[in-house]
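A short worksheet on the structure shown next.
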Amino acid sequence: MTERVVLTGRGEQLEELLAAISRMDESGSVFVVVDGARGVGRSAFLEGLAQRLEVRDAPPRVVRVVGVPWESAIPFGVLDQLAPSSTVRGTQDDYFAPAAHIVSALLTVSAEGPLATVLLIDDAQDADASSLRALATAVRHNRSARLAVVCTRRPRPAGDPEAHRVLDVAADRRFVLSPLRIGSVAEMAAERGIALSVSSVGELVRHTGGLPKHISALLDELPRDVWRGVRPQLPAPSFVFSEVRASLSECDSVARRMVEAVAVLGSAGALPTVCSLARIEDPWTAIDAAERRGLLVVHHESSAIVLDIPDPMVRAAVLATMSRPLRAHMHRQAAEVLTDPADVLAHTVEADPLPGIGMSEELAHLATERAARGEWATAAELFELSSRTAVEPGRRDDMIVRAVDALLGAGDVRTAAGHVAEIESLAETPMRNAVLGYLAILRGRPQEADARLERAWQLVRTSREPEIAAVICHRQVLHNLARCDGAKLVEWADRAVELVGADHSTAVEAQAIRGLGLGGTGRTTEALASYRDLWGQAGTGAVGQRVQMGAGWLHLATDHVELARAELESAAPTDFLGGSTRIALWARAWVART
């Protein structure tokens, strides 16, 4: 007995392919190409197809072949595996003879006619082009023969190999196996008895790119305790680590230092920054060597050359080949080379095993500044580092609450939701309840949001904690926007301004939504005027994204369509000005409607 293949997330495509094979009585023989990246499950898809065919009432004959690179130049090499014959090898310029030979060799005829035959060719990009042409000819000129040829192939590499061109022309049907989505990955884990949190599933998908082979490897290799965290630190699968280590061993010291420098930076780095960190003066040979081995990718952004690691798994593998002292040394160097204070502090923390109280306070101060500018994703990272380096438990708890609040501001609801159990276990504070209320709003739970925010308002001391009180007011503004209660929305927005002043970032965010409350209560002229006034306070940056979104929404409602389109389009990008993914999604939805 062979183990049954479980094709998570591929059911619809498998059924469609099975239907195409079943319809050969009516539509004739068929040539199918299944495309997919390395690790996406092409071989498993073929195996699952074969097993499904075998259990049919009248199973077809299934024949399997695998292409290998070192045989790709042998004319008719694949056909020779299927039906050895010297006549096949000698007809390189005539594809009708080998096609007829393969049809007569493969097909079985009964009293009712030819029985169906399914030929499965895995890694067809490595098959010889002569065999592929002959098989395509066999299918095209013998439509009544009930022959199905199903080929899988990897993406086309540089140079446009001949086999790829043949498959492009020969294909009657094409299927593309895409990376798995969150629901399918959670199902894969559940099949192994592993219950993943939403945030852990999201991190697994981000880390692996949704590739089933890599997901399966990590689920099988890692201890189950790893999956209990909100955002687990995932290594590379063992086979990726082995490949990366072998590739690094082929690099000279300069190329290796360059790859290690990019890995330590944690994200794409400009070429001058990487060279400075790696102490390299002439990078071109090293870049070519690392890129050729799949250790680096090169991007051209505006006028800058940017280097990055191909994916998080390769980055994890590179870091795993480095000793802890080496990693700490390079983090200290990165802190000296980089100019953004947030990056400097982050690398300093990574280099210092005992940062101390002062570092936690410095991180919190910078996080507060970035939050005020609307850079919520950066603020979340800094608050999280501040919590990690805090000595006092109370401060550690406060920083993690603020980190989750910033995650919600950035639109990362999935990761924030993973912290719910942790936050609910903390001592009750106004900010804790405000954050839980904020999350309830974004998860579509109005009753919970109402209770959380009401409790936060009961606990807050407005005279001593005006900024926290203003935050609660802002969350009430969002809550009443979702409930379409314009009057209460305006009331809470005005209360936020009274507490901290009109220029405070929290008040500006509240006022960015206040105009919608005014418009919703029929005060359209006043609402449009409020956006014109607010534009002078927050016309750019991530906070300005909120203002543009609100103004665009209101202008669409008042039939200023061209203006609305311009404002909503400006609110959608987050590449250069930062901002919230959630606001960008809202803006894109309203651009579509506009």
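Counting from 1, the numbers follow the sequence of the chain as shown.
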Is the shortest heavy-atom distance from the side chain of L204 to the side chain of L219 under 4.5 Å? yes
Are any of the side-chain heavy atoms of F45 and L17 separated by less than 4.5 Å? yes
Taking the basic N atoms (NZ, or NE/NH1/NH2) and the acidic carboxylate oxygens, is any pair closer than 4.0 Å for E448 and R452? yes
Can you find a pair of side-chain heavy atoms, one from R256 and one from T321, that are under 4.5 Å apart? yes
Would you say that S323 contacts R327 through its side chain, given a criterion of any heavy-atom pair below 4.5 Å between the two side chains? no
Listing request: all side-chain hydrogen bond (donor to acceptor under 3.5 Å, both in side chains) pairs with a residue in residues 30-39, at least two apart in sequence or in separate chains. D35-R153, D35-R174, R38-E243
Ion pair R173/E16, N-O distance below 4.0 Å: yes
Main-chain N/O of L196 paired with S200 side-chain donor or acceptor, under 3.5 Å: no
List the atom of A317, the atom of V240, and the distance in Å for their closest heavy-atom pair. CB-O, 4.5 Å
Only counting residues at least two apart or in another chain, list the ones meeting ring-ring contact (aromatic ring centres under 6.0 Å, His included) with W227. none
Does any pair with a residue in residues 115-125 pass salt bridge (charged side-chain N to carboxylate O under 4.0 Å, His left out), and if so which ones, sequence neighbours excluded? R42-D123, D123-R154
With heavy-atom distances below 4.5 Å as the criterion, would you say the side chains of V62 and L49 are in contact? no
So, does R143 use its side chain to make a donor-acceptor pair with the main chain of S29 at under 3.5 Å? yes
Not counting sequence neighbours, list each pair that qualifies as a ring pair (Phe, Tyr, Trp, His ring centres under 6.0 Å) and has a residue in residues 191-217. H214-F239
Of all pairs that satisfy salt bridge (charged side-chain N to carboxylate O under 4.0 Å, His left out), the ones with a partner from residues 207-220, not counting sequence neighbours: R192-D220
Beyond-backbone contact of L147 with N142, side-chain heavy atoms, under 4.5 angstrom: no
A side-chain contact here means heavy atoms from C-beta on lying under 4.5 Å apart; do C151 and L167 qualify? yes
Determine whether M188 and L180 make a side-chain contact, defined as any pair of heavy atoms from C-beta on separated by less than 4.5 Å. yes
Which residues share a salt bridge (Lys or Arg N to Asp or Glu O under 4.0 Å) with E291, sequence neighbours left out: none
Could you tell me whether R52 and E15 have a side-chain N and a carboxylate O separated by less than 4.0 Å? yes
Looking at E203 and R206, is any side-chain nitrogen of the basic one under 4.0 Å from a carboxylate oxygen of the acidic one? yes
Return yes if some donor-acceptor pair links the side-chain N/O of D128 with the main-chain N/O of V78 below 3.5 Å, else return no. yes
Ionic contact status for D308 with R315, cut-off 4.0 Å: yes
Without swapping roles, check the side chain of S425 against the backbone of E422 for a donor-acceptor pair under 3.5 Å. yes
